[in-house]
Amino acid sequence: MLRLVPDILAPAPRALLGVDRSVLGRPWRERCADPRAQAEAAVMVQAHGLPDLLARVLVGRGVRAAEADRHLNPRLRDLMPDPSRLLDMEAATERLARAVRAGEPVAVFGDYDVDGAASAALLAGYLRGLGVPVRIHIPDRITEGYGPNAEAVAVLAREGATLLVTVDCGTTGHAPLRHARDVGLDVLVLDHHGADETLPPAGAVVNPNRRDDVSGLGHLCAAGIVFLTLVGLNRALRRSGYFSPARPEPDLKAALDLVALATVADVVPLTGLNRAFVVQGLSVMRGRGRRGIAALLDAAALAEPPQSWHLGFLLGPRINAGGRIGEAGLGARLLLTEDAAEAARIAGDLDRLNRERQAIEALAVEEAEAAMDRVLTDDPGRAVLVAASEGWHPGIVGLVAARLKERFDRPAFAFTLRPDGTAVGSGRSIAGADLGAAVRGAVEAGLALKGGGHAMAAGATVAQDRLAEFESRLAADLGGAVASAREAEALLVDATLSAGGATAELVRMIERAGPFGQGAPEPVFVLPRHRIVDAGIVGTGHVRARLKSRDGQAMGAIAFRAAQGPLGRAILDNIGREMHVAGTLSLNRWQGAERAQLRIRDLAVVEPEEN
């Protein structure tokens with residue numbers, strides 16, 4: 001898709017509604033204030049007959065008028081690349097085709113997160129459908145750690161596997177994959193994580209983020225890479241005459257629900273091919289054909305058709321719960337099972353584990369936020385946060401890092417301190433600061449024992465007595481990017497609305513421009529001069545409110561996980577007062593009715609002279 005050049009979408013220097021500093025300390029800017037962006041939206045309205053607001057939302061996400069129709073109606077075949085664009089793809093698909101034709105036992109080694117579980121289920125489901133015996137191994141986060149290990153590889157070889165395929169891992173697994181070769185396994189790596197200059201010993205390393213790959217597909221998650229591999233494998237088997245009326249080709253489109261789930265949960269950019277994966281995958285998911293996903297939707301009590309955000313906030317955390325504090329392989333088993341009773345049981349176990357994870361996480365986050373509050377009081381300009389504790393469960397440190405990143409708006413790492421003198425942790429970053437590259441730099445410099453990841457998330461193992469050096473290295477590598485991001489920080493607003501204009505029909509219209517996520521931010525709207533007529537804390541720290549415009553129209557609003565932060569306090573402290581309220585719109589479905597609801601992102605005081 002053609003993208004608008006950045007300066008067309010550069011925010012205007014003038015503050016929207018005069019808000020130079022909101023409750024969260026941000027200026028508000030109009031996203032499409034530049035005359036060229038406005039002209040592009042006008043062309044879109046005239047050429048395609050789109051409502052002005054929808055056109056502005058599209059232009060604000062880099063869509064040109066000529067691309068509007070394809071964006072609103074994405075077709076996978078228009079965006080699918082030739083899989084052979086990826087380095088080593090031909091070697092990988094040929095080796096897999098040989099395994100299929102010979103019925104070779106295949107071992108699939110995945111990661112313990114959603115992308116790893118979906119990737120493993122995607123590959124294993126395809127191979128099993130063709131009669132190939134497949135064994136999946138998902139490592140235990142605590143006892144095995146991330147990626148392949150020699151002990152597990154040896155067990156898989158003893159069990160009879162002759163081909164090992166790593167999915168969502170393996171790119172940095174030099175020693176374990178060397179061991180795999182020594183015990184007689186052929187090895188294929190299907191991954192998307194950042195790569196060292198030297199690749200591991202394998203028959204093929206299919207990874208768009210290896211340094212010599214120029215496919216331009218580095219934005220795909222691992223499940224996206226596996227899907228392209230299966231497209232290439234299907235083609236290779238078709239060419240060899242493998243398929244017949246008695247042995248039809250697998251329906252790859254039916255597997256797009258897994259690709260969509262992984263794409264959203266792994267927080268890769270929802271643009272181009274990824275966006276098509278999610279749009280088509282959600283359509284498949286709504287058919288409830290995969291028993292595991294249907295059971296998980298039921299366990300999450302989701303009665304409405306799943307949307308993109310449900311994958312990230314409802315399904316993803318439950319699948320991850322197995323790898324965080326339970327049995328690592330539960331997610332892959334759920335996504336593969338065809339037994340409705342087993343699906344319901346696993347989904348129930350994951351739902352219970354997720355509730356337990358939430359309780360463990362809440363205590364750790366409280367401790368970490370208090371510690372980082374003290375750190376930033378002494379050093380407000382610190383670019384990177386590193387928190388550590390002996391008491392934190394290793395499965396929740398990534399979530400702690402995510403909460404610190406959200407709360408303090410800078411890259412953050414959270415570590416659990418182990419008795420052996422090492423610290424094992426996970427980090428999350430902000431846009432523009434490549435955390436994975438910084439961690440790989442720390443490994444190369446000898447400041448981390450091992451580590452890796454991608455731009456927005458990474459993991460590392462560090463000697464406890466070197467944590468301060470590790471933090472200093474990350475700050476040196478990321479400080480400039482963090483400072484630039486914070487200087488440019490502003491809440492970009494797509495339009496102003498009133499409570500009366502925020503209807504369910506409007507929300508459905510805006511959803512046509514989605515799905516929204518990383519790289520395609522949810523549209524933000526401001527309700528100017530709306531009175532907070534009621535507010536209170538609900539659930540696990542959420543703040544619910546009711547807003548009323550000057551003409552008497554009202555709507556519901558909610559700020560998630562805000563009760564203890566400045567946003568929640570500002571809502572609760574200003575009941576009865578007019579405020580400028582910014583947020584994103586969603587549909588609240590209750591007893592068969594649909595109403596628009598505002599998810600509050602920020603507030604600003606209405607100055608007296610504005611009244």
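Between R290 and E338 there is no salt bridge, since none of the side-chain N atoms of the basic residue sits less than 4.0 Å from a carboxylate O of the acidic one. A salt bridge links E94 with R101: at least one charged nitrogen is closer than 4.0 Å to a carboxylate oxygen. Under the 4.0 Å criterion applied to side-chain N and carboxylate O atoms, R333 and E327 are assigned as salt-bridge partners. Looking at R291 and E342, no side-chain N of the basic residue comes within less than 4.0 Å of a carboxylate O on the acidic one, giving no salt bridge. For the pair R355 and D351, the salt-bridge criterion is met [side-chain N within less than 4.0 Å of a carboxylate O]. The residues E104 and R98 are annotated as not salt-bridged, no charged nitrogen and carboxylate oxygen being separated by less than 4.0 angstrom.
Across all their heavy atoms, L336 and A124 have their closest contact at CD1-CB, 3.9 Å. When all heavy atoms of M509 and P51 are compared, the closest pair comes out as SD-CG, 3.4 Å.
Side-chain atoms of H137 do not come within 3.5 Å of backbone N or O of G110 as any donor-acceptor pair. A donor-acceptor pair under 3.5 Å links the side-chain atoms of D434 to the main chain of A437, judged by distance alone. Between the side chain of R181 and the backbone N or O of L177, no donor-acceptor pair lies under 3.5 Å.
The distance between the ring centers of F277 and F227 falls below 6.0 angstrom.
R247 forms a cation-pi arrangement with Y242, by the criterion of a distance under 6.0 Å to the ring centre and an angle within 45° of the ring axis.
Checked by atom type, the side-chain pair D213/S215 shows a donor-acceptor distance below 3.5 Å. At a cut-off of 3.5 Å, with distance as the only test, no side-chain donor of N207 or R210 sits close to an acceptor on the other residue. Side-chain contact check for D339 and T337: no donor-acceptor pair (N or O, by modelled atom type) lies under 3.5 Å. Donor-acceptor pairing under 3.5 Å is lacking for the side chains of S119 and D168. Looking at Y112 and D140, their side chains never bring a donor and an acceptor atom within 3.5 Å of each other. Using a 3.5 Å distance cut-off with no hydrogens or angles, the side chains of N73 and D69 do pair a donor with an acceptor.
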Carefully, step by step, assess D82 and S84 under the rule side-chain hydrogen bond (donor to acceptor under 3.5 Å, both in side chains). CA-CA 5 Å; D82 186 332; S84 62; 2.8 Å; yes
When you look at R141 and T143, which way does the side-chain hydrogen bond (donor to acceptor under 3.5 Å, both in side chains) test go after all the steps? CA-CA 6 Å; R141 184 186 293 262; T143 60; over 6 Å; no
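A heavy-atom distance below 4.5 Å is found between the side chains of Q518 and M456. A 4.5 Å side-chain heavy-atom check between V424 and V397 finds every atom pair outside the cut-off. Contact of the L217 side chain with the P81 side chain is registered, since non-hydrogen atoms from C-beta on lie closer than 4.5 Å. Considering only heavy atoms from C-beta on, V63 stays 4.5 Å or farther from V59 through its side chain. Residues C169 and F109 are in side-chain contact: their nearest non-hydrogen atoms beyond the backbone lie under 4.5 Å apart.
With a 6.0 Å radius and a threshold of 12 heavy atoms from other residues, nucleotides or ligands, R352 has its CZ atom above the threshold. By the neighbour-count criterion of 12 heavy atoms within 6.0 Å, atom CZ of F243 is densely surrounded, having more than that number from other residues, nucleotides or ligands.
Within the model, atoms CD of E40 and CZ of R56 stand 15.0 Å from one another, a figure rounded to the nearest 0.5 Å. With rounding to the nearest 0.5 Å, the separation of CG in D191 from CG in D111 is 9.0 Å. The structure places CD1 of I225 at 13.0 Å from CG of L123, a figure rounded to the nearest 0.5 Å.
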